[in-house]
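Here the structure is a predicted model, which is why all the values come from computation and not from measurement.
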Amino acid sequence: VVMASDNDEVNVTVIEEFRPRLRQYIVVQRVLDYIDFIENDQKERIRQKDRTEGNGAAVDLLISSVTKKPHSPGWFRAFVDALVHAGCEHAANYVQAKLPDPEVEAENDCCVRLIQLLLPSLVDMDSKTVCTQCYSAELLTQDDTEIITATIENQGGQSGASELLRRIVRCPPGWFSKFLNVLRNTDHKRLYNELSGVSPDCVTDQLCSSIIGSLWFNGADSEAAARVPEKADIVLRDYQMEVARPALEGKNIIICLPTGSGKTRVAVYITKKHLDGRRAEGKSGKVVVLVNKIPLVEQHYLAEFLPFLKHAYVVERVSGDSQLKISFTEIVKKNDVIICTAQILENYLERSNKGDDEGVNLSDLTLIVIDECHHTQKGGVYNHIMMRYLKQKNKNMRLKKEQKQPVPLPQILGLTASPGVGGATKMEKAEEHILRICANLDASKIMTRSLGEFTKEQRKIVVTVEDRKEDPFGDVIKKIMNAIHNHAELSPNCDLGSQSYEQWVVQKERKAATEENQKVRVCAEHLRQYSEGLNLSNTIRMRDSFGFLNKFYDEEIKKKTTPDEEQTIQITDTERFLFNLFKDNKEELQKLAENPEYENDSLSKLRAKILQEFSTRDAARGIIFTKTRRSAIALSQWIQENPKFADIGVKASYVIGGGDQSVVKPMTSAQGRGRAEDSSYTLVEVKNSGVAEKECVNEYRKTMMNKAIDKIRALNQADYDKRIIEFQMQSIMEEKVRMTKKKQKGVKNENPSEVKFSCRGCSKHVCTGEDIEIIENMHRVNLTPEFCELFIQRENTTLQERLLDYETNGFIACKDCGQRWGSMMLYRGIECPCLHVKNFVVTLSGKKISKCTKWSELAIKFSAFDYAEHASKIAESSDEEDSMTC
């Protein structure tokens, strides 16, 4: 008899096995409407994930929610039914292990890839007509049709076409021939020809099979790429030709032009002329275009390099998301132009350095184009690549003196909109910063040009927000904060809620954790939350601030109960004081938060500006830059909840996470985004924010940067070359010192027993470095029986994200105090408690480390995770349990 739990395990295994396929075929927003066994809060998290990170990321979160234990009765059948009702029958087949033949699946993959590659051309279709015909051919559901129609009306025909194509490729195999018929029946002969390469008068299923067979055997990417519409010869404007000229002569240069002025187009032109020149000389050329973000790989490939170069050269792209990275060496050999993320090239240069066969040498390349080259500074991957270049250049100088053959090096072309000034306050230091970037890229010149008539100047508007006449909500928060100061005997010497105060609180928390002063540590942790709440109240709404603080205390109280509620977790007197303090003031804060009389004026100014822009333009779009992640989320909610915005079609979503670290910001960043004609840049200055002053500083830095570039360009070439060589030699010497120190650190990395970890929350000893193992040189885990007795597991309610061979199922916390320690990770079927070092007080050789937030800051070499050993122990334990059951 097969138990329900056994069936559940089998079903979960099947779902996980086909997760990549489900990511491709499930449409999250549709499926969620038919699922009733997932909580509404979790559904909203999935929808938010879809809005901010896309359908694929949302599918991952959906699957994690569906397969999460404990399973509700009938969950699997309900999931399958939801997929079918949502029009995702192909996904439902995979979930039930009803798989297509391998040949059919391979053909379908090629069809999907072909559509993706031809997307820039296919979006020119008559979207409304094609949509109607696709619905008739049962390629689209009624919901699909309504969404596509709305997209066409709100965002235009091309956006509607993209939405249509995204939906039809999720259909079961056989959709491709139907789609070709639709194109033929709607008189889209050109698009039909590009997809099939034949006359539209003779489309058959057999013909479709032959098309896909050709793709399969000759390589889908190369065949499909050959059908991307060719663009005419590149024609540069005068200012673009001027900045390109030295590179056309084979010199290393940096091109510095504002965002939207065609830097990438200039790079494509230089690439083409470089390859043409080498071909004319009977030599082969090899160009690598480096970018620092994965989405830029596809963007540069489809929008720029492929359309202009495909007729004469083979172009390919590789990123961390691509399977092709596995065979990067072969990709370099077989293609003329490779667009890739910089880390991939660095990894293969390092392989070659170690003597591996599957490596790449700089001498294999003839031109390297470096996008966003201002990142070529200490510690960055661009700089690691260029340091290899500079070292070889230095060796070549020695080889020439010895009358030996130097090693060929590629030409270097750097692209940037703003090299910045590196925090300089004086012109001399600004020049030095830019010269160092030039030296790192071995640039003989930095080329820039005033764009004159091509400049798109933004209208800049500064809106000053009036001070609040009264701020009782903020006064209550400050009263609470001062009560905490008295309890912990703390005396801040700066304004509550200011950046200086935040830094002061962080320092107090770290010092208290090191000294095992839990009273001050916990108080500092809570003060930091109140400081953030004060900032939210001053910049967004009081209700956002209250919601943030209320959620924080709900989570803190949850930490003090175990999931099964069988064990009480210790609550200290200080924690009880803090909980009661918020509880006593909660009602007053909530009441004040709902009183519009006390709101700050910043949102009314922002609302007026948004309404003006969106009601006076046909197709307005905008970006709101704000200081913190929390305020970005709050602003998005504010827009979504405002009926006036809905009336004129204003929609909002937020994007948070790591961003550009360029020095000249936010002014340069914001201005660079406004590419439309007559775009504007509005600065809403909030009380005591100092934003206007910072903007003045940034404008000054921008002016300083431009003057510094002009001064560098005015240098005599001999003087310029001398300074460049000095900086290069300095960089090489600094690199030697760094490597020496790294080797010395390596000597210290031999004894993990010297490091001890104690709980940051209650100072209890947890483990030593001998207990910790490392997975994939990244995740520090502890599987010792002693450690497993010290923690409890909790569900991670905010994120469950699948990554490669492992997934995070929840987090682990101290059994005594509830302090979070890390996450519970499932690695190839083994549950591994994964430690986050920031949650511990670290003692190294008897000395406590005051700040240790990343494992990289700890000079200890942990043992590699022995998967076979742990798997065999688990198998033995399982065998023993089975024998006892028998």
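- Counting non-hydrogen atoms of other residues, nucleotides and ligands closer than 6.0 Å to CG of Asp573 gives a total of 12 or fewer.
- Annotation: the span from Phe579 atom CZ to Lys560 atom NZ amounts to 6.0 Å, rounded to 0.5 Å.
- Salt-bridge formation is detected for the pair Lys609/Glu613: a Lys NZ or Arg NE/NH1/NH2 atom is positioned less than 4.0 Å from an Asp or Glu carboxylate oxygen.
- At least one donor-acceptor pair closer than 3.5 Å links the side chain of Lys519 to the backbone N or O of His487.
- Side-chain contact check for Glu532 versus Ser545: every heavy-atom pair is 4.5 Å or farther apart.
- At least one donor-acceptor pair closer than 3.5 Å links the side chain of Glu575 to the backbone N or O of Thr572.
- One side chain, Gln640 or Ser636, offers a donor N or O that lies under 3.5 Å from an acceptor on the other.
- In the model, Thr574 has no side-chain atom that pairs as donor or acceptor with a side-chain atom of Gln518 under 3.5 Å.
- The backbone N or O of Val842 lies less than 3.5 Å from no partner atom in the side chain of Lys848, so there is not a single donor-acceptor pair.
- Looking at Glu556 and Lys559, a side-chain N of the basic residue comes within less than 4.0 Å of a carboxylate O on the acidic one, giving a salt bridge.
- Shown here for Trp821 and Leu790, the closest heavy-atom pair between the two residues is CH2-O, 3.6 Å.
- Taking 4.0 Å as the cut-off between side-chain N and carboxylate O, Glu641 and Arg541 count as a salt-bridged pair.
- Side-chain contact check for Arg45 and Gln42: at least one donor-acceptor pair (N or O, by modelled atom type) lies under 3.5 Å.
- In summary, the side chains of Gln507 and Arg510 do not present any donor paired with an acceptor at a separation below 3.5 Å, with no hydrogens or angles considered.
- Ion pairing between a basic and an acidic side chain is recognised when a charged N comes within 4.0 Å of a carboxylate O; Asp33 and Arg47 show such pairing.
- With hydrogens and angles ignored, the 3.5 Å screen pairs a side-chain donor or acceptor of Asn517 with a backbone N or O of Val520.
- When ring centroids are compared, Tyr598 and Phe473 stay outside the 6.0 Å threshold.
- A donor-acceptor pair under 3.5 Å is absent between the side-chain atoms of Asn595 and the main chain of Lys591, judged by distance alone.
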